[in-house]
Asker: 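If you scroll down you'll find the structure; I have some questions about it.
Chain naming here is simple, since letters A, B, ... match the order of the sequence lines and numbering starts at 1 in each.
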Amino acid sequence: MSEIKVRFAPSPTGPLHIGGARSALFNWLYARRYGGKFIVRIEDTDLDRSSRESEENILSALRWLGLDWDEGIAVGGPNGPYRQTERLDIYDRYAGLLLEKGLAYRCYCSEEELAVQREAQLAAGEMVRYTGKCRDLSPEDCERLEREGRKPVIRFKVPEGGVVTIRDIVRGEVNFDCDGMGDYIIVKSDGIPTYNFAVVVDDHLMGITHVIRAEEHLSNTPRQVLIYQSLGWSVPEFAHVSLILGKDRSKMSKRHGATSIEQYRELGYLPEALVNFLALLGWSPGVEEEIFTLEQLSEQFSLDRVVKSPAVFDLEKLNWLNSHYIKHSPVERIAELAIPFLQQAGYLPGTIDDRVREKVRLVMVAIREYLEYLAQVEQHAAVFFRQPEYNDPEAREVLAREEVPAVFRAVRGKLEETGDQLDEAAAKTLLKKIPKELGLGGKKVYLPLRAALTGRTRGPELHHLLPALGSREVIARLDNALAATGVN
RNA sequence: GGCCCCAUGGUCAAGCGGCCUAAGACACCGCCCUUUCACGGCGGUAACCCGGGUUCGAAUCCCGGUGGGGUCACCA
């Protein structure tokens, strides 16, 4: 069998959608798994809605996810150009061919006329489709209509009484009656091809062997197959993957919350978490393991383990995966990623030096286990950058205990000995010594200490808290806490 | 409404005729760890849409129903 070639062909009408990202991922994985090629092509034939900005956004989202492509937009290749609006002459050629062979014809019906007709069909309970009014127009008719100033579209002549059978890798055999289709438009009146036509020409010319895409395209597939056949081209393999649904089980849309890769990126989700999550939505590895890198996925992915039924997007599971990756990545990386969020929260200056970077690292050591996504640092890191308020009743109660001043004096003494060498190990030994030396239970030492440092009775480990705050700040907070609770 | 797809716990899903008194994960609950919370470990609650067939035997195959979804554009 010849080399596998797949593609992701987004239309640049908005940011990369979760569903689009999964399609891209599946294609990429399939190519990598079987040593094939992955192409990215831009389907921008909708002139009104397409934009270069969206195109850029989509490409950068793909790169961010780690999905690179062997051929296509921005990287070039032997089958370019890879933007459909730059291939108009190619579509013209094949539309002309179809016209010549009598497999397509010009239609002069106006959009208004068509709308009226559609209404009538709907009202009569009939199938909504083009009636074929212009099918047998004579050249003279055409000339007359053009003189009236009408701009024709080109319609594909759907064979009557035919059946198109699609062999879909995930769905099996699916049949469609041609009679339900109506002659569909392949070239719009402005000369731009429609999706159903351009996609076929491009997929064929680019040598695509497998079309892996979302299920919403399934009902378009017979129209495309008809075009392959009429042009004498071989039909690629199809694999229609079920849709990703929102919580209410309808197609994912903005009202379901964040739907673009960009949004998740901005909230501080890691690309590997998104990739891992998306891979598991609609595909199953068949083993109990759930954590996979892109690389591992590309070794295991196969279309025969793609699930047929639609999948509900489960944010809870994404959060779990993301928190997993936050906890298991090198903390330096997490700290680096957290910086913009900390800046946005107003905790950090615009420019970061090594001292700040180290502080952030210590903060992230302390709090990363609390995070589902990085934007949550705003609440969890506050204690490291803002003075505690000491208005929590529980904390106040703890700080008011009689042994507290003595405990703090002891801590202070130890800190002055330790000075700048307050790393995690030093903090641990220091913390261990205090109760012993004072002859107090741990609870009487640690709870007030925590309350003084954070203004609360719960939070990160003390041995993480101490290094992240630093000796000076710890001492200052000890004093502040006593002053604030009026015990001093 | 026509056409098409789908149907295992709340969610993702394993299962492809006997191994199922149905895996695993998320979420939830409980216990343990921890002189905090969380993390982590252990355990628990919870599912084969309904009705007919086929078969010695069906979550698995077939038919019907029901439910959900997609699609019916000069959008992709």
Asker: Report yes if a side-chain nitrogen or oxygen of A:Ser11 is closer than 4.0 Å to either non-bridging phosphate oxygen (OP1 or OP2) of B:C75; otherwise report no.
Answerer: no
Asker: For a quick check of understanding: with a heavy-atom distance under 4.0 Å over all strands, which category does A:Thr45 fall into, base, sugar-phosphate or nothing?
Answerer: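 Here A:Thr45 touches the backbone only, sparing every base.
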Asker: To the nearest angstrom, how far is A:Arg223 atom CZ from B:C4 atom C1'?
Answerer: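 About 11 Å, once rounded to whole Å.
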Asker: What are the atom names and distances for every N/O pair under 3.5 Å that joins the protein to nucleotides 42-49 of chain B?
Answerer:
none

Asker: Now, which nucleotide makes the Watson-Crick or G-U wobble pair with B:C48, with each of the two distances under 3.5 Å?
Answerer: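 Partner of B:C48: none found under 3.5 Å.
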Asker: Once hydrogens and angles are ignored, does a donor-acceptor distance under 3.5 Å link the base of B:G69 to the side chain of A:Glu216?
Answerer: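 Counting by modelled atom types and ignoring angles, no donor-acceptor contact under 3.5 Å is found here.
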Asker: Polar pairs (N or O, both sides) under 3.5 Å between protein and nucleotides 66-68 of chain B?
Answerer:
none

Asker: Answer with yes or no whether A:Asn220 presents, from its side chain, a donor or acceptor under 3.5 Å of a partner atom in the base of B:A76.
Answerer: yes
Asker: Can you find an N or O donor on one side and an acceptor on the other, under 3.5 Å apart, linking the side chain of A:Ser309 with the base of B:C6?
Answerer: no
Asker: How is A:Glu461 classified with respect to the nucleic acid when contacts are heavy atoms under 4.0 Å: base, sugar-phosphate, or nothing?
Answerer: base
Asker: Look at A:Lys188 and B:A76 and indicate whether a side-chain polar atom (N or O) is within less than 4.0 Å of OP1 or OP2.
Answerer: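 Indeed, a polar side-chain atom of A:Lys188 lies that close.
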Asker: Using only side-chain N and O atoms of A:Arg456, determine if any of them is under 4.0 Å from OP1 or OP2 of B:U36.
Answerer: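 It does not, given that no N or O in the side chain of A:Arg456 lies less than 4.0 Å from OP1 or OP2 of B:U36.
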